[in-house]
Amino acid sequence: VSYLHLYYDYAGIEKWAIGEWKTNTPLTKMYQQKFQSMKGLHVAFHKIAAHTGHQYNERADKLAKKALEEGEYVERI
């Protein structure tokens with residue numbers, strides 16, 4: 001079994017993955033399917049506050065915005 005600690009600032013990251021929120025867009029459906037297909041991976045979700053200056057969260061926000069601007073978010077999922 002492999003372990004992953006996943007830090008996030010948006011509740012959907014965890015809720016879609018574990019099936020607590022309904023997936024109603026192609027992106028959320030793909031995300032949930034990908035997550036559920038990773039057998040043998042134990043994920044520990046950790047919620048952090050958004051826009052509080054957390055170094056890695058700020059970096060993740062910049063990378064996500066760049067991917068959206070470049071239209072790369074679907075191809076990499």
Side-chain angles (χ1 to χ4, degrees):
V1 174
S2 296
Y3 293 89
L4 171 69
H5 289 268
L6 184 60
Y7 295 82
Y8 65 93
D9 66 2
Y10 177 66
I13 299 301
E14 179 178 7
K15 303 299 184 182
W16 286 315
I18 64 175
E20 285 188 10
W21 282 8
K22 181 179 177 182
T23 57
N24 55 7
T25 69
L27 183 61
T28 58
K29 289 177 184 179
M30 284 189 320
Y31 174 72
Q32 185 182 66
Q33 289 170 354
K34 183 70 169 177
F35 182 85
Q36 292 177 350
S37 74
M38 295 186 286
K39 304 297 181 203
L41 178 65
H42 175 77
V43 179
F45 290 94
H46 304 279
K47 175 79 167 85
I48 63 170
H51 310 292
T52 58
H54 184 277
Q55 175 185 357
Y56 298 114
N57 188 52
E58 296 299 327
R59 177 76 174 133
D61 282 348
K62 287 179 184 177
L63 291 171
K65 288 175 187 172
K66 181 179 179 196
L68 283 172
E69 290 168 0
E70 296 174 2
E72 296 180 18
Y73 63 97
V74 174
E75 293 84 15
R76 292 190 180 189
I77 292 178

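What you are looking at is a predicted structure, and each value in this text was computed from that prediction instead of being measured. Sequence positions, counted from 1, serve as the residue numbers for this chain.
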Rounded to the nearest 0.5 Å, how far does [atom2] of [Y] lie from [atom1] of [X]?
{"X": "F35", "Y": "T23", "atom1": "CZ", "atom2": "OG1", "answer": "13.5 Å"}
{"X": "N24", "Y": "K29", "atom1": "CG", "atom2": "NZ", "answer": "7.0 Å"}
{"X": "Q36", "Y": "I18", "atom1": "CD", "atom2": "CD1", "answer": "10.0 Å"}

Please check: side-chain N/O of K22 versus main-chain N/O of G19, any donor-acceptor pairing under 3.5 Å? no
Closest non-hydrogen atoms of N57 and H51, given as atom of the first, atom of the second and distance, are ND2-N, 3.9 Å
Hits for side-chain hydrogen bond (donor to acceptor under 3.5 Å, both in side chains) against T25, two or more places apart or cross-chain, chain-then-number order -> T28
Anything under 3.5 Å between a donor and an acceptor, one on a side chain of residues 40-50, the other on a protein residue two or more places apart or in another chain? List them.
residue : atom : partner : partner atom : Å
H46     : NE2  : H5      : ND1          : 2.8
K47     : NZ   : D9      : O            : 3.0

If hydrophobic clusters are built from ILVMFWY residues whose side chains come within less than 4.5 Å, do Y31 and L4 share one? yes
Between Y7 and M38, is there shared hydrophobic-cluster membership here, with clusters defined by ILVMFWY side-chain heavy atoms closer than 4.5 Å? no
Pairs touching residues 12-21 that satisfy salt bridge (charged side-chain N to carboxylate O under 4.0 Å, His left out), sequence neighbours left out: K15-E20
